[in-house]
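First listed ligand is number 1; within each ligand, the first listed atom is number 1.
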Amino acid sequence: MPNIKEKLKEKIEAWRPRTTKLVKEYGNVKIGEVTIGQAIGGMRGVKCLATDISYLDPFEGIRFRGYTIPECLEKLPKAPGSEMPYVEGHVYLLLTGDIPTEDEVIELVEEFKKRKHVPQYVFDMLRAMPRDTHPMTMFSAAILAMQRESVFVKEYNAGIGKMDMWDPTYEDAMNMLAKLPAIGAYIFRMKYRGDTIIPAHPELDMGGNFAHMMGIDKPYDDVARLYFILHSDHESGNVSAHTGHLIASALSDVYYSISGMINGLAGPLHGLANQEVLRWIQGVMDQMGGKIPTEEEMKKFVWDTLNSGQVVPGFGHAVLRKTDPRYQAQREFCLKHLPDDPIFKYVDVLYKVVPPILEEQGKAKNPWPNVDAQSGVIQWYYGITEYDFYTVLFGIGRAIGVLSNIIWDRALGYPIERPKSLTTAMLEEIAGI
Ligand SMILES: CC(C)(COP(=O)(O)OP(=O)(O)OC[C@H]1O[C@@H](n2cnc3c(N)ncnc32)[C@H](O)[C@@H]1OP(=O)(O)O)[C@@H](O)C(=O)NCCC(=O)NCCS
């Protein structure tokens, strides 16, 4: 058994009594109350999920297993000659809660290499789809198509016990994670690079191999590493993470769950916002004839967007109440590697202009930029101008967090999810109307 699985087993066994104690002895302790506004308003702020993979503080931003983004980027082992950590090390951290040693990461890199072969029928299916199909539809379909590979389903059908279910779930999760970068790169090269597929490199780590299969030179390997790490998890209540968790709670295998979570990520209010940001900026650039707008000119574009009833993509957040540290991390990368890029300059003007306007408009609870405001800029700079593809990159990263959550859901025996609904008449009665 590889070190990581052994370690995971130990961690799971040590953790289980904590969850059992909470449920058995303290199950009736209240952690909040739910209002009519929350029941109708997307359950915002209702504390009804438990996860240890990450925690999102509204003012501090995300902590992965207790570590902030700068701490993760500093502490996780780095691939030789790279600025950014191995994605595999981040997988290790999310799964076990520990920062891995160099050797532990290398072992995981090797583990993924053994699992990375994508069955040919997946590519055949992608090729049979109309080429103008959205890449997120292709990505979701490719994941779903692999459902027949599920180890969990085989073991479930053979009668595996509830407390052992995390083990085949782990196997499915690792098999899937190892394949996702190759599937993403295949869709990209097939759709946008004249169907010139680049096979995987036998020696490279996940980030390095992704850059290789995309056909983009250094430092795109570091861009991929940064991108997958930053997008991996954002607590479990966001649409993609929650969808994955919800589907898995029915004991659907991770192929069903992750395909579903990708569909949630494909919404413009969630993951697709990164594509929307670039589309919006391109619209501004077209109108400006490529010139960087002044702050006054940019303000007009922002107000025009708001007055036409649209949201400003890349700004606002359901939980965060400050600038997203994922935005900051990418901004620092841009300042170092592409300070003079015109789109980066646009984004910089937006950073100055949008928050005061959203405050003046008085609707958005958080006027500050989120991860999506910055991420497309980097991709564009390194040649991925087909912004339809950006959410696939988000999806590869997000799968790391959602899969880690699902493994732990199974390990801790979380039951099927089933909140209760009320009718409008019942709410009116409760309200005394
Ligand atoms: C992320 C988002 C969906 C969160 O939604 P939320 O939790 O409902 O946010 P709020 O509670 O602040 O929303 C209150 C109001 O402000 C509006 N608002 C929030 N962010 C806004 C933005 N960036 N531009 C314009 N209006 C915005 C909402 O649409 C809502 O309007 P309504 O009352 O007319 O329905 C929202 O901020 C948004 O649409 N942002 C743009 C899309 C985006 O960047 N998504 C990626 C998030 S990581």
Side-chain angles (χ1 to χ4, degrees), residues 35-47 49 54 56-59 61-62 69 136 227 229-243 261-281 283-284 298-331 346-347 349-379 387 390-395 397-398 401-402:
T35 63
I36 290 176
Q38 289 171 317
I40 296 177
M43 297 188 278
R44 204 71 82 260
V46 178
K47 298 185 182 86
L49 291 165
S54 68
L56 180 58
D57 181 88
F59 295 97
I62 193 72
I69 288 171
M136 284 296 272
Y227 209 88
I229 290 172
L230 290 184
H231 289 82
S232 61
D233 207 36
H234 218 221
E235 249 188 27
S236 56
N238 62 78
V239 169
S240 51
H242 192 195
T243 307
M261 85 85 175
I262 291 292
N263 300 342
L265 197 65
L269 293 187
H270 189 26
L272 208 77
N274 56 14
Q275 133 175 0
E276 295 298 288
V277 170
L278 251 286
R279 195 158 65 95
W280 190 82
I281 291 179
V284 179
M298 194 61 119
K299 277 182 193 164
K300 184 179 174 316
F301 286 115
V302 174
W303 275 117
D304 286 350
T305 301
L306 291 175
N307 291 337
S308 68
Q310 297 167 58
V311 296
V312 182
F315 285 78
H317 198 271
V319 177
L320 276 170
R321 293 294 174 259
K322 64 161 248 181
T323 297
D324 192 336
R326 300 171 299 173
Y327 172 96
Q328 293 285 19
Q330 294 186 94
R331 183 181 151 77
Y346 268 72
V347 168
V349 180
L350 281 175
Y351 187 46
K352 292 196 191 103
V353 160
V354 175
I357 292 181
L358 287 179
E359 274 172 346
E360 189 182 329
Q361 192 207 28
K363 275 170 60 172
K365 294 190 189 69
N366 177 36
W368 302 105
N370 60 57
V371 65
D372 296 320
Q374 191 69 254
S375 49
V377 179
I378 305 184
Q379 301 299 334
Y387 45 71
Y390 295 168
T391 318
V392 173
L393 302 168
F394 192 154
R398 180 52 53 94
V402 178

Visitor: Tell me every residue that passes salt bridge (charged side-chain N to carboxylate O under 4.0 Å, His left out) with Arg44, counting only those two or more places apart in sequence or in another chain.
Guide: none

Visitor: Can Thr391 and Asn274 be counted as having a side-chain donor-acceptor contact under 3.5 angstrom?
Guide: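 Short answer, yes.
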
Visitor: Using a threshold of 4.0 angstrom between heavy atoms of the protein and any atom of ligand 1, which residues qualify?
Guide: Arg44, Leu269, His270, Ala273, Leu306, Val311, Val312, Pro313, Gly314, Phe315, Gly316, His317, Ala318, Leu358, Lys363, Ala364, Lys365, Asn370, Asp372

Visitor: Run the salt bridge (charged side-chain N to carboxylate O under 4.0 Å, His left out) test against Arg326 and tell me which residues pass, sequence neighbours left out.
Guide: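 Listed in chain order: Asp324.
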
Visitor: Tell me if the centroids of the rings in Tyr351 and Tyr327 come within less than 6.0 Å of each other.
Guide: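 Yes, ring centres under 6.0 Å apart.
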
Visitor: Are the aromatic ring centres of His242 and His270 under 6.0 angstrom apart?
Guide: no

Visitor: Going by the rule salt bridge (charged side-chain N to carboxylate O under 4.0 Å, His left out), which residues pair with Asp304 if we only count those two or more places apart in sequence or in a different chain?
Guide: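 Lys300.
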
